[in-house]
K.L.:
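Below: one structure in structure tokens.
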Amino acid sequence: MKHLPSQPIHAIAFAGALAFSAPALADDPSDDGADDAAAEGSEQDGRPQNAGGPPEGVTSGGPPPGAFANSVFDDTWLTIGAGAGLTPSYSGSDDYVVIPLPLIVGRVGGIGISPNGPGFNLDVLSKAPAAGPPETSLSFGPTFRIRGDRNGQIKDPVVELAGDLDTALEVGVQGGVSFPGVLNRFDRVGLSAAVRWDVLGAHDGMLIEPGISYFTPLGRGAAVQFIGSASFVDDSFADYYYSVTPAQSTATGLPQFNADGGLNSLGVTAIATVDLDNDVLNGGFNVYMVGGFSRLMGDAADTPFTAERGSASQFISGIGIGYTF
């Protein structure tokens, strides 16, 4: 396995955030076309149209006739690609490193696939796009993530003296519900949650990560998404990543610290995606841009690794390019 740079909780999810808008567009691709049709209709007759009403050529609640005829988003589709992101060098660091962001997302054999940092989620409830009105949908399935926090690329020389940590493999379940047409006819609000446990004996802990998202298309070939997230960890996780042991205190000069679990972080991420030929339905190349902020909480913020050598305020940014087929 390729050596992974150390990545904090929010940064490890960065690749997942980067690609989230791809399946969102795939779930209701007709909405983008409808939005475009509404804009074209407004230009033709010179009168503004109500964004919440059906555009010309759309039956009540349904997509334009033939919208799915040539769509790439059928029963089987994939988006693959790569990107680069700028993230803190460890959870709580104020030094930043560039990390690679490979991308794979799609639907194969009725199973939805989405990235989850260095890992992936599977959705056994995934459905192919339908020709009817968008409906409330559910997702559920296993989730896997590799956590390499403080496992290399530590830029702070004092924190580096504390030694590298082992790589964790977190396995669990995730699920969510998505509600279409909340603020306008074409948007969507999603609620989600995941729970994972380390199975490699690194932190030996558990995480719970709830989230809320808002997605809306900006036309036939562009969309934006806003994601709010939180992370709760148990004592084993907090102790492994945030405690300063007597040996580490001697090596680094930092005070000893015993960390407990609880609310670990709160964050918000904004994602923009643009199809390069302005037609998401035919696949091809697309570009994703991401920016985010999170705030470490509790002992994640109070540990000397953060309070004395880093910052509780954590930022991410990045860009990627994908190809959908």
Side-chain angles (χ1 to χ4, degrees), residues 6-21 24 85-96 99 114-119 121 143 145 147 149-150 168 170 172 174-179 182 188-198 203 205-215 224-243 257 259-272 289-318:
S6 61
Q7 298 171 13
I9 290 172
H10 60 276
I12 218 168
F14 183 40
L18 183 68
F20 194 86
S21 55
L86 188 67
T87 73
S89 69
Y90 66 86
S91 180
S93 174
D94 59 1
D95 298 311
Y96 286 76
I99 63 170
S114 60
N116 184 24
N121 297 331
T143 176
R145 178 179 291 178
R147 185 177 299 275
D149 198 9
R150 289 198 5 233
E170 299 166 359
Q174 58 80 33
V177 58
S178 177
F179 304 96
V182 176
R188 178 180 316 143
V189 168
L191 302 175
S192 64
V195 56
R196 297 188 310 277
W197 296 265
D198 174 32
H203 63 74
M206 179 188 72
L207 305 88
I208 300 174
E209 296 179 341
I212 183 171
S213 64
Y214 176 74
F215 166 86
V224 293
Q225 178 125 359
F226 302 95
I227 302 170
S229 60
S231 175
F232 297 85
V233 302
D234 68 2
D235 290 345
S236 293
F237 182 102
D239 180 62
Y240 190 70
Y241 290 110
Y242 303 125
S243 288
F257 186 81
D260 295 321
L263 176 61
N264 193 62
S265 67
L266 296 170
V268 61
T269 303
I271 308 164
M289 293 157 286
V290 178
F293 169 80
S294 68
R295 181 77 179 180
L296 296 180
M297 310 295 290
D299 283 353
D302 294 337
T303 174
F305 293 131
T306 302
E308 296 191 16
R309 302 302 305 179
S311 172
S313 296
Q314 309 273 275
F315 299 88
I316 59 173
S317 62

K.L.:
Rounded to the nearest 0.5 Å, what separates atom CD1 in I316 from atom CG in L86?
P.N.:
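Spacing of CD1 (I316) from CG (L86) equals 10.0 Å.
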K.L.:
With sequence neighbours excluded, tell me which residues meet side-chain contact (heavy atoms from CB on, under 4.5 Å) with F179.
P.N.:
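In terms of side-chain contact (heavy atoms from CB on, under 4.5 Å), with neighbours along the sequence ignored, F179 is linked to T136, V177, V182, L191.
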K.L.:
Side chains of F232 and P210: closer than 4.5 Å at any heavy-atom pair?
P.N.:
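F232 reaches P210 side chain to side chain.
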K.L.:
Mind checking side-chain hydrogen bond (donor to acceptor under 3.5 Å, both in side chains) for S313 and listing every partner two or more places apart, or none if nothing turns up?
P.N.:
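S313: side-chain hydrogen bond (donor to acceptor under 3.5 Å, both in side chains) contacts with R295.
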K.L.:
Could you tell me the separation between the OG atom of S317 and the OH atom of Y96, rounded to the nearest 0.5 Å?
P.N.:
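So the OG of S317 and the OH of Y96 are separated by 9.0 Å.
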K.L.:
I'd like to know if the side chain of T306 reaches the main chain of A300, judged simply by a donor and an acceptor atom lying under 3.5 Å from each other, with no hydrogens or angles considered.
P.N.:
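Between the backbone of A300 and the side chain of T306 there is a qualifying donor-acceptor contact (under 3.5 Å).
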K.L.:
Go through the structure and list residues passing side-chain hydrogen bond (donor to acceptor under 3.5 Å, both in side chains) with D239, not counting sequence neighbours.
P.N.:
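Once residues adjacent in sequence are excluded, the partners of D239 under the side-chain hydrogen bond (donor to acceptor under 3.5 Å, both in side chains) criterion are S243.
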K.L.:
Could you tell me the separation between the CE atom of M297 and the CG atom of L263, rounded to the nearest 0.5 Å?
P.N.:
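The CG atom of L263 is 5.0 Å from CE of M297, to the nearest 0.5 Å.
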K.L.:
Does S93 have any side-chain contact (heavy atoms from CB on, under 4.5 Å) partners at least two apart in sequence or in another chain, and if so, which?
P.N.:
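Scan of S93 (side-chain contact (heavy atoms from CB on, under 4.5 Å), adjacent residues dropped) gives P88, S89, Y90, D95.
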K.L.:
Looking at A238 and A259, what are the two nearest heavy atoms and their distance?
P.N.:
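What the structure gives for the nearest pair is O-CB, 3.4 Å.
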K.L.:
For A230 versus L266, what's the shortest heavy-atom pair and its separation?
P.N.:
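For A230 and L266, the tightest heavy-atom pair comes out as CB-CD2, 3.6 Å.
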K.L.:
Quick check against the 3.5 Å criterion: does N264 have a side-chain atom that pairs as donor or acceptor with the backbone of V233?
P.N.:
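No; judged by distance alone, with no hydrogens or angles, the pair does not exist.
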K.L.:
Go through the steps to decide whether E209 and R196 satisfy the test side-chain contact (heavy atoms from CB on, under 4.5 Å), and finish with yes or no.
P.N.:
CA-CA 9 Å; E209 296 179 341; R196 297 188 310 277; 3.1 Å; yes
K.L.:
Going by the salt bridge (charged side-chain N to carboxylate O under 4.0 Å, His left out) test, which pairs reach into residues 225-234, not counting sequence neighbours?
P.N.:
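For residues 225-234: none.
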K.L.:
Testing the basics here: between Q174 and A194, what is the closest heavy-atom pair and its distance to 0.1 Å?
P.N.:
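The answer is CB-CB, 3.8 Å.
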K.L.:
Looking only at heavy atoms, what is the nearest atom pair of N121 and P115, with distance?
P.N.:
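That would be ND2-O, 4.4 Å.
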K.L.:
Only counting residues at least two apart or in another chain, list the ones meeting side-chain contact (heavy atoms from CB on, under 4.5 Å) with A168.
P.N.:
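If we apply the side-chain contact (heavy atoms from CB on, under 4.5 Å) test to A168, skipping adjacent residues, the hits are R147, D198, A202, H203, Y241.
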K.L.:
Roughly how far, to the nearest 0.5 Å, is the CZ atom of F257 from the OH atom of Y242?
P.N.:
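Rounded to the nearest 0.5 Å, the OH-CZ separation comes to 10.5 Å.
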K.L.:
Between S213 and Q225, does a side-chain contact (heavy atoms from CB on, under 4.5 Å) hold up when you go through it step by step?
P.N.:
CA-CA 7 Å; S213 64; Q225 178 125 359; 3.3 Å; yes
K.L.:
Rounded to the nearest 0.5 Å, what's the gap from CD1 on I271 to CZ on F226? Could you check?
P.N.:
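Result: 9.5 Å between the selected atoms.
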K.L.:
Report the distance from atom CG of L296 to atom OG1 of T303, rounding to the nearest 0.5 Å.
P.N.:
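Reported to 0.5 Å precision, the distance equals 10.0 Å.
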K.L.:
Please name the pair of heavy atoms, one in R309 and one in D94, separated by the smallest distance, quoted to 0.1 Å.
P.N.:
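Taking R309 first and D94 second, the nearest heavy atoms are O-OD1, 3.5 Å.
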